[in-house]
Amino acid sequence: NLDQRMPESEIPELNQLGVSFNSMASSIEDVEKRRRELISDLTHELRTPLTVVRGYLEELADGRVEPSPEIYSRLVRETRRLERLIHDLQELSKAEAGYLSINAKKINIRPLIVSLVGRFADQLLEEGPVLKLDCPAELPPVLADLDRTEQILVNLLGNAIRYTEQGSITVKAWKDNRQLWIAIIDTGVGIAQEDLPFVFERFWRADRSRASYSGGTGIGLAITRRLVELQGGKIEVESEVGQGSTFRFCLPIA
Ligand code: ADP
């Protein structure tokens with residue numbers, strides 16, 4: 001009997017259910033949209049180096065170009081890019097599925113920082129930036145996974161070097177309350193303010209052509225953020241175009 005039915009607004013549970021259902025439906029749509037974007041980004045990322053490799057191989061096979069060291073090194077570079085892309089994707093999917101195991105222990109992070117700074121300093125060209133360390137002699141131990149922390153530092157230092165032509169890259173560490181902060185400060189190309197909210201999104205790159213020239217995949221920072229968060233820390237960025245960027249992250253003090 002319709003007349004006896006209560007008006008909808010008088011059944012709060014029903015209203016609530018409606019609201020929950022709507023928000024569920026829209027979050028399913030969001031997931032589906034992200035999945036489609038991911039596949040389309042992925043296809044693009046994989047196709048670009050493949051097209052270059054196939055193009056050169058066909059020209060070589062037809063005798064349209066002579067084999068040369070330049071062509072071979074371009075082929076090697078593009079193949080490496082594919083390799084790196086696949087490796088990064090594997091890491092990212094593990095991280096997103098929660099399979100990246102974190103083996104957090106009480107560790108002393110200073111020796112890791114010092115050895116990485118030494119390793120990266122050896123790779124720098126004479127005309128490139130200098131690498132500096134700004135770290136007190138004593139740092140409190142943190143509760144973290146040594147390998148994952150190394151991965152974070154390698155990603156951030158690698159980026160700093162890739163996007164800095166001259167000036168300096170400083171690795172700074174300090175204690176703040178219950179956290180240990182580590183910052184990688186560069187004097188490189190910088191990132192535009194409007195781009196900053198996207199830097200940790202997978203496949204995001206400030207300038208596709210420039211980043212692709214530098215061998216970037218746009219996945220490194222997405223993994224890096226995940227690795228920091230899995231260890232209970234957070235990561236932040238500050239940057240100014242033409243001035244440089246600062247990426248800093250914290251880990252819980254043990
Ligand atoms: P990529 O493999 O392209 O470097 P990342 O996820 O590590 O991927 O970085 C995403 C994008 O963020 C880069 O393509 C670049 O545009 C920008 N970026 C990252 N680090 C820096 C930095 N230190 N200086 C300037 N731009 C940076």
Side-chain angles (χ1 to χ4, degrees), residues 34 37-38 41-49 52 77-96 100 113 116-117 120-121 123-125 128-134 148-172 181-230 234-249:
R34 277 174 61 95
E37 281 168 3
L38 175 68
D41 284 342
L42 244 180
T43 317
H44 173 87
E45 294 304 319
L46 290 168
R47 186 176 288 140
T48 312
V52 176
R77 200 161 75 225
E78 294 300 327
T79 320
R80 287 230 175 94
R81 194 164 134 69
L82 272 174
E83 228 167 44
R84 195 179 141 203
L85 191 62
I86 289 166
H87 170 264
D88 283 359
L89 272 174
Q90 241 169 1
E91 290 291 304
L92 181 69
S93 77
K94 276 194 267 177
E96 293 197 336
L100 264 190
I113 298 178
L116 281 175
V117 166
F120 276 88
Q123 290 176 17
L124 289 174
L125 303 171
V130 291
L131 200 50
K132 298 183 197 167
L133 181 65
D134 176 3
R148 301 305 183 195
T149 307
E150 175 168 353
Q151 213 175 335
I152 295 168
L153 285 165
V154 166
N155 285 351
L156 295 178
L157 273 167
N159 277 353
I161 288 170
R162 246 178 309 144
Y163 300 108
T164 306
E165 278 194 346
Q166 52 194 346
S168 62
I169 295 163
T170 308
V171 182
K172 186 177 170 178
W181 283 90
I182 301 170
I184 287 83
I185 305 157
D186 69 51
T187 59
V189 294
I191 303 164
Q193 293 306 303
E194 67 266 26
D195 287 342
L196 283 178
F198 306 108
V199 291
F200 297 108
E201 297 286 314
R202 58 188 168 204
F203 299 119
W204 186 86
R205 297 197 309 232
D207 172 337
R208 276 187 180 257
S209 52
R210 190 195 68 216
S212 115
Y213 174 74
S214 70
T217 61
I219 303 178
L221 284 177
I223 297 175
T224 304
R225 175 171 64 180
R226 192 78 188 128
L227 290 174
V228 171
E229 288 173 351
L230 281 170
K234 63 178 171 187
I235 185 163
E236 297 169 352
V237 57
E238 254 171 41
S239 189
E240 213 169 303
V241 172
Q243 302 294 307
S245 314
T246 296
F247 283 85
R248 57 170 177 266
F249 67 97

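For ligands, and for the atoms within them, numbers begin at 1 and follow the listed sequence. Because the structure is a prediction, the values reported are computed rather than measured.
Here atom 26 (N) of ligand 1 lies nearest to Ile191 when heavy atoms of Asn159, Asp195, Ile191 are compared. With Asp186, Leu221, Val199 as candidates, the residue nearest to atom 6 (O) of ligand 1 on a non-hydrogen basis is Leu221.
In this structure, the side chains of Leu221 and Leu156 come closer than 4.5 Å at one or more pairs of heavy atoms. In this structure, the side chains of Arg226 and Arg148 stay at 4.5 Å or more apart for every pair of heavy atoms.
Nearest approach of Pro129 to Leu124, heavy atoms of both residues: O-CD1, 3.3 Å.
Applying the 4.0 Å criterion to heavy atoms of Ile219 picks out, from ligand 1, the atoms 6 (O), 8 (O). Ligand 1 places these atoms under 4.0 Å from at least one heavy atom of Arg162: 1 (P), 2 (O), 4 (O).
Using a 4.0 angstrom heavy-atom cutoff, Ser245 counts as in contact with ligand 1. Ligand 1 does not have Phe200 within reach: every non-hydrogen atom of the residue lies 4.0 Å or more from it.
Under the side chain to side chain contact (heavy atoms under 4.5 Å, CB included) criterion, Glu236 pairs with Trp181, Lys234, Arg248, sequence neighbours left out. Under the side chain to side chain contact (heavy atoms under 4.5 Å, CB included) criterion, Ala192 pairs with Glu194, Asp195, Val241, sequence neighbours left out.
Counting heavy atoms under 4.0 Å from ligand 1, residue Arg84 touches it through the side chain alone.
Shown are Ile182, Ile185, Asp134; of these, the side chain to side chain contact (heavy atoms under 4.5 Å, CB included) with Val171 is made only by Ile182.
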